[in-house]
Amino acid sequence: MRERAPEGGFASLLHKGAAVVALLALVNQALALLRDRLLAGYFGAGGELDIYFAAFRFPDILFLLLSLGASAFITIPLLAERKREGGREAETRYVSQWSFLLGVLGLIGAGALVFGASWIAQVFFPSFLPAQQEELARLVRLLALQPGLLAIAALWSAVAQWQRAFVLYGLGPIVYNLSIIAGIVLLVPSFGVAGVVVGVVVGAVAQVVLLGGWLWRRLHLSLWMGAILPPIKEVRQVLRLSVPRGATLAVGHLLLLLVASIGAMFAQGSVAAFFFAFGLVSVPLALVVTPYVASVFPLLAQGAAEKNWEQFVEAVISATRHGLWWAMFAMAAFIVLRAQIVRVVYGSGAFDWEDTRLTAAALAVLALSLPAQALILFFARSWYAMQRNFWPLFSALAGAGVGIAAGAAALFFAQNSSGFLLWFARAVRLEGIADARIVLLAGAYSLGIVVQACVLLAPLVIRFRSIAVALADSLWRTALAAFAASAAMYLALHFLAPAVSLTTFAGVLLHGAGAGIVGAAVYGGMSLLLGAREARTLLQLARPWRRG
């Protein structure tokens with residue numbers, strides 16, 4: 001099949017939808033970074049935040065289970081079918097009944113968390129002291145209602161995405177983070193880390209209220225209609241589609257639970273350092289890749305439903321090219337500017353230089369998997385759009401198997417060979433740090449992600465050869481541009497160092513930002529020089545703004 005140029009009307013539609021989501025995602029990520037900076041400033045990368053991050057692991061898994069039938073990748077194709085078969089009334093009935101079901105299941109799950117919190121703390125985090133286990137159980141109980149509320153919000157966000165109400169779709173996370181920030185500022189001084197958790201729960205309630213008001217006006221959502229469970233046939237259909245995807249996501253959550261459980265055995269602050277780094281790596285995915293995914297998925301679902309494979313392949317190619325282009329630059333920037341980024345985002349209050357070094361090392365290692373994470377987001381959605389959900393599960397299991405094996409091997413060598421651990425600490429510039437083993441786990445996690453991406457892509461690029469051609473063409477161009485940008489940023493750091501004070505926030509910010517601007521200019525210039533379509537497309541889309 002001949003590849004069509006993405007610069008035309010299709011790409012324009014894709015970029016407009018992605019631009020709205022990206023703008024709101026930018027605001028949300030700025031708030032998320034402010035949230036994490038406040039957390040780091042109040043607590044540092046220490047024991048309290050180890051407990052805080054550990055407490056989210058089981059509510060996150062419960063949210064995953066509850067939202068099996070609520071995600072956009074299940075809801076949007078089924079809404080398309082319902083609307084085609086029964087119009088707006090069938091669409092409204094579907095949303096109402098599943099909202100009611102999620103509410104019931106959410107209450108049951110909340111009860112399970114409340115009564116099982118102490119058991120969770122003792123079984124999965126045995127290295128915590130009894131007082132820490134008690135605090136962990138208390139936080140889990142406070143979070144008990146959050147998964148059910150977020151599952152309902154996820155369903156309603158999917159409806160907003162289906163209706164192309166991208167502004168509303170992007171506002172929910174912003175409200176959520178504003179509530180958490182309010183909890184940190186207003187409640188932490190009096191209630192400690194529990195105040196943050198209260199802000200989390202209030203944020204979940206605020207999302208439901210915001211999206212519920214819109215649904216009531218847009219779809220005339222009826223509470224009476226909702227007080228009926230979905231038909232068994234429909235539940236079976238949703239489970240058939242969603243269980244493989246839910247299991248796929250569960251693999252990722254279980255890996256993070258494993259990291260938290262093992263990391264809790266290392267020096268205090270190891271778990272916090274990993275999740276701080278993990279949060280930073282997620283920023284470019286949320287800012288750039290996720291908006292493209294949100295914009296392109298309805299087109300993928302429509303193309304697959306209508307067997308319009310030309311539209312399907314064009315959507316995959318156009319979105320993947322641009323997502324990969326951004327992800328490669330983000331990887332280069334995180335690796336070279338890791339210390340500056342961590343210090344600017346988290347470097348305040350109790351977050352000291354040792355915390356910065358450990359988090360920066362974990363960030364650089366996790367950043368190696370950024371392009372693979374971007375490809376997973378796009379190509380997994382391609383399988384979901386075709387309603388073939390078992391291959392993403394198989395790829396996740398393959399990646400998890402490799403990651404766990406690599407982590408076990410690395411920790412074995414670290415445990416039995418002091419020379420290996422010293423060599424690794426020098427390699428990631430962590431000499432003098434009490435415990436660098438959490439960075440080994442970060443490396444194993446990244447390796448698993450890369451393997452997952454390779455397994456996920458293989459059948460698609462074999463079936464659609466034009467995707468393989470486009471991906472190979474994009475990879476070599478962006479890799480060369482990223483290498484040039486890395487070298488430029490590294491040199492810029494050395495040239496700028498004498499001109500700024502590296503002991504102040506403003507100096508570190510100018511140091512990193514200056515090098516980042518140089519790297520971005522080199523990356524963009526090299527991309528144009530190498531003929532990368534992504535750079536040309538973005539340049540063409542920017543011309544109307546320059547004329548304005």
Side-chain angles (χ1 to χ4, degrees), residues 31-63 66 106-107 109-151 153 173 175-209 253 256-257 260-261 263-264 268-276 278-279 346 348-351 355:
L31 292 173
L33 292 176
L34 174 61
R35 174 201 70 202
D36 289 347
R37 180 177 176 83
L38 290 171
L39 283 175
Y42 273 110
F43 303 107
E48 287 182 287
L49 283 188
D50 284 352
I51 296 171
Y52 171 79
F53 286 117
F56 274 90
R57 304 282 58 86
F58 272 85
D60 281 352
I61 291 174
L62 175 59
F63 165 67
L66 290 175
L107 290 175
L113 282 181
V114 168
F115 289 106
S118 296
W119 179 83
I120 288 170
Q122 293 168 11
V123 171
F124 289 91
F125 297 94
S127 60
F128 281 163
L129 298 173
Q132 292 176 310
Q133 290 179 345
E134 183 178 343
E135 176 67 5
L136 175 61
R138 183 168 75 104
L139 296 184
V140 170
R141 292 188 184 103
L142 286 174
L143 287 166
L145 284 175
Q146 180 234 24
L149 293 169
L150 289 184
V175 170
Y176 186 63
N177 272 319
L178 283 173
S179 298
I180 299 174
I181 290 171
I184 296 172
V185 174
L186 300 177
L187 300 178
V188 163
S190 300
F191 301 100
V193 74
V196 189
V197 172
V198 171
V200 169
V201 177
V202 172
V205 173
Q207 277 200 74
V208 170
V209 171
H253 282 283
L256 293 177
L257 172 62
S261 182
Q268 279 199 354
S270 297
V271 175
F274 177 89
F275 282 101
F276 275 139
F278 189 82
Y346 300 132
S348 65
F351 196 88
D355 295 338

> Got L113 and I120 here, is their nearest side-chain heavy-atom distance under 4.5 Å?
Replying inline: yes

> CG/L39 to CD1/I181 distance, rounded to the nearest 0.5 angstrom?
Replying inline: 9.5 Å

>> I want to check something: taking the side chain as every heavy atom from C-beta on, are Y52 and L136 in contact at a cut-off of under 4.5 Å?
In response: no

> To the nearest 0.5 Å, how far apart are CG in L150 and OH in Y176?
Replying inline: 5.0 Å

> Can you list the steps and then say if N177 with I180 is a side chain to side chain contact (heavy atoms under 4.5 Å, CB included)?
Replying inline: CA-CA 5 Å; N177 272 319; I180 299 174; 4.1 Å; yes

>> For the CD atom of E135 and the CG atom of L129, what is their distance to the nearest 0.5 Å?
In response: 13.0 Å

>> Distance check, rounded to the nearest 0.5 Å: L49 atom CG versus F351 atom CZ?
In response: 9.5 Å

>> Can you confirm whether or not the ring centre of F274 sits under 6.0 Å from the ring centre of F53?
In response: no

>> With side chain to side chain contact (heavy atoms under 4.5 Å, CB included) as the criterion, how do F124 and F58 come out once you've worked through the C-alpha distance, each side chain's angles and the decisive distance to 0.1 Å?
In response: CA-CA 10 Å; F124 289 91; F58 272 85; 3.3 Å; yes

> Which atom names give the shortest non-hydrogen contact between A110 and A144, and what distance separates them?
Replying inline: CB-O, 3.4 Å

>> For the backbone of F276 and the side chain of Y346, can you confirm whether one donor and one acceptor N or O come within less than 3.5 Å of each other?
In response: yes

> CZ/F56 to CD1/I51 distance, rounded to the nearest 0.5 angstrom?
Replying inline: 13.5 Å

> Taking side chain as C-beta onward, heavy atoms only, is V114 less than 4.5 Å from V140?
Replying inline: no

> Within a strict 4.5 Å, meaning less than it, do heavy atoms of the L142 and V201 side chains meet?
Replying inline: no

> Looking at R141, Q133, E134, which one forms a side chain to side chain contact (heavy atoms under 4.5 Å, CB included) with S118?
Replying inline: R141

> Of the non-hydrogen atoms in P189 and I184, which two are nearest, and what is the gap between them?
Replying inline: CD-O, 3.7 Å

> Relative to each other, are the rings of F128 and F125 parallel, tilted or perpendicular (30° and 60° limits)?
Replying inline: parallel

> Is there a side chain to side chain contact (heavy atoms under 4.5 Å, CB included) between Q132 and D50 once you walk through the steps?
Replying inline: CA-CA 10 Å; Q132 292 176 310; D50 284 352; over 6 Å; no

> Judged by modelled atom types alone, do R35 and S179 share a side-chain donor-acceptor pair under 3.5 Å?
Replying inline: no

> Do the non-hydrogen side-chain atoms of L33 and R37 ever get within less than 4.5 Å of each other?
Replying inline: no

